[in-house]
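What follows is a short report on a single structure.
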Amino acid sequence: MAAPCTVTMEMITEATDFVRARYSEQPEIGIVCGSGLGELADSVEEPAVRIRYGDIPHFAQSTVHGHSGVLVLGRLAGRRVCVMQGRLHPYEGLTYLQCSFPMRVMAKLGVSVVILTNAAGSLRPEFQPGDIMTIRDHINFPGFSGRSPLQGLSPEVFGDRFVPMNNAYDKKLRDKVAAAAAASGVSLRTGVYAMLGGPHFETPAECRMLRSLGADVVGMSTVHETIVARQCKVRVIGFSIITNVVVTDSDSELDQTGVHLEVLKASKLAANRLQSIIAHTIDQL
Ligand SMILES: O=P(O)(O)O[C@@H]1C[C@H](O)[C@@H](CO)O1
Ligand SMILES: Nc1nc2[nH]cnc2c(=O)[nH]1
């Protein structure tokens with residue numbers, strides 16, 4: 001099927017109705033599982049409904065190892081949640097509109113807070129694999145070249161065209177996350193996430209540049225979801241799992257061919273701690 005070149009409210013309604021027909025309760029909180037973090041969805045309590053993205057009208061199916069592509073609805077820490085077990089990335093050949101379509105459906109289902117998680121490379125030597133970071137802010141590199149998940153959408157139908165991006169990662173929610181981490185005894189970093197298009201990793205020169213521009217970690221996702229969530233007035237919490245430390249030496253001959261497998265392994269190691277922070281956070285929302 002050819003990629004749709006736009007998103008309409010009818011498409012969102014069709015997808016939302018499809019999900020509602022299988023899960024009649026209204027989810028309050030959305031969760032997007034990043035690379036290797038899909039098991040967060042396995043802790044959704046009964047009665048959990050699982051729907052393959054490919055079965056939902058207008059959803060693209062995820063194609064990345066470590067992203068199963070299943071929407072899971074049920075309860076987590078006593079609250080009704082809608083969990084994306086795996087996300088959609090622009091580098092899969094999908095448009096920004098397709099990648100952020102599930103976020104619009106979550107908003108229409110009634111989600112008011114979304115927890116976005118991702119795997120990211122560390123640009124700071126002190127941020128080590130296995131560390132968990134709350135996203136304080138982001139740098140949207142694809143946005144600098146004129147790409148936005150809001151492009152071409154009519155403001156009459158979708159709401160604000162000029163969506164503010166200050167406080168995109170809600171400060172009050174970040175404070176709750178910090179308290180939740182303290183309550184669960186998990187240490188937490190905080191920092192700035194830079195999104196690049198991928199799927200190739202960064203050169204050492206690019207990593208040095210990103211660091212000098214104020215980014216703490218680098219990844220290939222999340223930002224388009226945040227932008228759409230904010231247009232839909234959904235509040236955002238962002239977590240990066242540090243899965244690798246980037247190479248900054250242009251003379252390094254380190255073999256990085258297996259990095260994605262390293263990424264999946266490191267994410268899985270942090271999944272239980274992240275789950276504990278998320279459960280404590282949800283409890284306070
Ligand atoms: O979906 P996320 O951002 O967690 O996935 C990251 C970026 C690439 O998809 C992949 C690289 O290993 O992990
Ligand atoms: N772009 C990018 N994405 C990642 N995801 C996990 N690690 C990395 C990384 O080093 N760079």
Side-chain angles (χ1 to χ4, degrees), residues 30-41 53 60-70 83-94 96 98-100 102-103 114-125 127-135 138-142 149 189 191-211 213 215-227 236-249 252 254-271 274 278:
I31 301 178
V32 179
C33 302
S35 285
L37 295 167
E39 69 188 54
L40 291 177
Y53 295 169
Q61 185 60 45
S62 171
T63 61
V64 184
H65 181 35
H67 293 260
S68 357
V70 177
V83 184
M84 287 183 69
Q85 193 168 38
R87 65 152 52 82
L88 304 168
H89 306 82
Y91 67 71
E92 293 174 70
L94 302 169
Y96 275 49
Q98 286 175 298
C99 292
S100 52
M103 188 55 57
V114 72
I115 301 175
L116 306 177
T117 69
N118 63 53
S122 166
L123 298 162
R124 304 175 67 115
F127 284 19
Q128 284 292 312
D131 286 0
I132 300 175
M133 184 191 96
T134 42
I135 305 178
H138 73 223
I139 302 178
N140 175 13
F141 278 93
R189 308 283 195 180
V192 175
Y193 176 89
M195 179 196 180
L196 270 69
H200 51 276
F201 288 101
E202 298 69 39
T203 65
E206 287 166 348
C207 292
R208 296 195 301 273
M209 180 199 76
L210 291 170
R211 180 72 200 110
L213 292 177
D216 298 298
V217 300
V218 56
M220 307 176 192
S221 70
T222 306
V223 161
H224 49 284
E225 296 157 1
T226 300
I227 294 170
V236 178
I237 295 173
F239 288 105
S240 289
I241 304 300
I242 314 300
T243 52
N244 55 295
V245 178
V246 304
V247 175
T248 53
D249 175 2
S252 165
L254 189 73
D255 180 3
Q256 285 206 294
T257 41
V259 177
H260 185 60
L261 292 178
E262 294 283 308
V263 164
L264 296 180
K265 218 162 94 186
S267 292
K268 282 188 172 42
L269 288 179
L274 181 61
I278 289 178

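Order of listing sets the numbers, starting from 1, for every ligand and every atom in it. Heavy atoms only: backbone and side chains are in, while hydrogens, waters and symmetry mates are out.
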Judged by atom type as modelled, is there a donor-acceptor pair below 3.5 Å linking the side chain of Thr117 to the main-chain atoms of Val32? yes
Using a 4.0 Å heavy-atom cut-off, which part of Asn118 comes near ligand 1: side chain, backbone, both, or neither? both
Taking only non-hydrogen atoms of Leu196, do any sit less than 4.0 angstrom from ligand 2? no
Should His260 and Ser35 count as side-chain neighbours, where that means a heavy-atom distance under 4.5 Å? yes
Do side-chain atoms of Ser252 reach the backbone of Leu254 as a donor and acceptor pair under 3.5 angstrom? yes
Looking only at protein heavy atoms, which one is nearest to atom 8 (C) of ligand 2, and how far off is it? Gly121 N, 3.4 Å
Considering only heavy atoms of Met220, which atoms of ligand 2 have at least one such atom less than 4.0 Å away? 1 (N), 2 (C), 3 (N)
At what distance is the nearest protein heavy atom to atom 3 (N) of ligand 2, and which residue and atom is it? Gly219 CA, 3.3 Å
Is any N or O atom of Tyr91, backbone or side chain, closer than 3.5 Å to an N or O atom of ligand 1? yes
Does a side-chain heavy-atom distance below 4.5 Å link Tyr96 with Ile227? no
Any idea which protein heavy atom is nearest atom 10 (O) of ligand 2, and the distance to it? Asn244 ND2, 2.9 Å
When only distance counts, is Thr222 in polar contact with ligand 1, meaning an N/O pair under 3.5 Å? no
What are the atoms of ligand 1, with element, lying closer than 4.0 Å to any heavy atom of Gly34? 4 (O)
Polar atom proximity, His260 to ligand 1 (N or O, under 3.5 Å): yes
Can you tell if the side chain of Val245 reaches within under 4.5 Å of the side chain of Gln128, non-hydrogen atoms only? yes
Only one of Thr222, Ile135, Ile132 forms a side-chain contact (heavy atoms from CB on, under 4.5 Å) with Ser240, so which one is it? Ile135
Does Gly198 reach ligand 2, in the sense of a heavy atom lying below 4.0 Å from it? no
Would you check if Asn244 and Val263 make a side-chain contact, meaning some heavy-atom pair closer than 4.5 Å? yes
Going by the order shown, which atoms of ligand 1 are within less than 4.0 Å of some heavy atom of His67? 1 (O)
Which protein heavy atom lies closest to atom 5 (N) of ligand 2, and at what distance to 0.1 Å? Ala119 O, 3.3 Å
Suppose we measure from atom 2 (C) of ligand 2 to each protein heavy atom; which comes out shortest, and what is that distance? Glu202 OE2, 3.4 Å
Can you see whether Asn118 engages Ser221 through a side-chain donor-acceptor pair at a distance of less than 3.5 angstrom? no
If we set the cut-off at 4.0 Å for heavy atoms, which region of Ala120 has an atom near ligand 2: side chain, backbone, both, or neither? backbone
Could you walk me through whether Tyr193 and Leu116 pass the side-chain contact (heavy atoms from CB on, under 4.5 Å) test, one step at a time? CA-CA 12 Å; Tyr193 176 89; Leu116 306 177; over 6 Å; no
Indicate yes or no: does an N/O atom of Val263 lie under 3.5 Å from an N/O atom of ligand 1? no
With the side chain counted from C-beta on, respond yes when Leu210 and Leu196 share a heavy-atom pair under 4.5 Å apart, and no when they do not. yes
Per-atom filter on ligand 2: closer than 4.0 angstrom to a heavy atom of Val246 are 10 (O)
How far is atom 4 (C) of ligand 2 from the closest protein heavy atom, and which atom is that? Val218 O, 3.7 Å
May I ask you to identify the nearest protein heavy atom to atom 5 (O) of ligand 1, giving residue, atom name and distance to one decimal place in Å? Ser35 OG, 2.7 Å
With heavy-atom distances below 4.5 Å as the criterion, would you say the side chains of Arg211 and Thr248 are in contact? no
If we number the atoms of ligand 2 from 1 as shown, the ones under 4.0 Å from a heavy atom of Val263 are 6 (C), 7 (N)
Closest non-hydrogen protein atom to atom 3 (O) of ligand 1, residue and atom name please, with distance? Ser221 OG, 2.5 Å
In ligand 2, the atoms that come under 4.0 Å of a heavy atom of Thr243 are 6 (C), 7 (N)
Geometry only, no angles: is Phe201 polar-contacting ligand 2 at N/O separations under 3.5 Å? no
Could you see which bit of Val259 sits under 4.0 Å from ligand 2, with heavy atoms only: side chain, backbone, both or neither? neither
Tell me, which protein residue and heavy-atom name are nearest atom 1 (O) of ligand 1, and how many Å apart are they? His89 NE2, 2.7 Å
Could you tell me whether the side chain of Gln85 and the main chain of Ala41 form a donor-acceptor pair under 3.5 Å? no
Under a 4.5 Å cut-off applied to non-hydrogen side-chain atoms, are Val246 and Glu206 in contact? no
Does any non-hydrogen side-chain atom of His224 lie less than 4.5 Å from one of Met195? yes
Donor-acceptor under 3.5 Å (Gln61 side chain, Gly69 main chain): yes
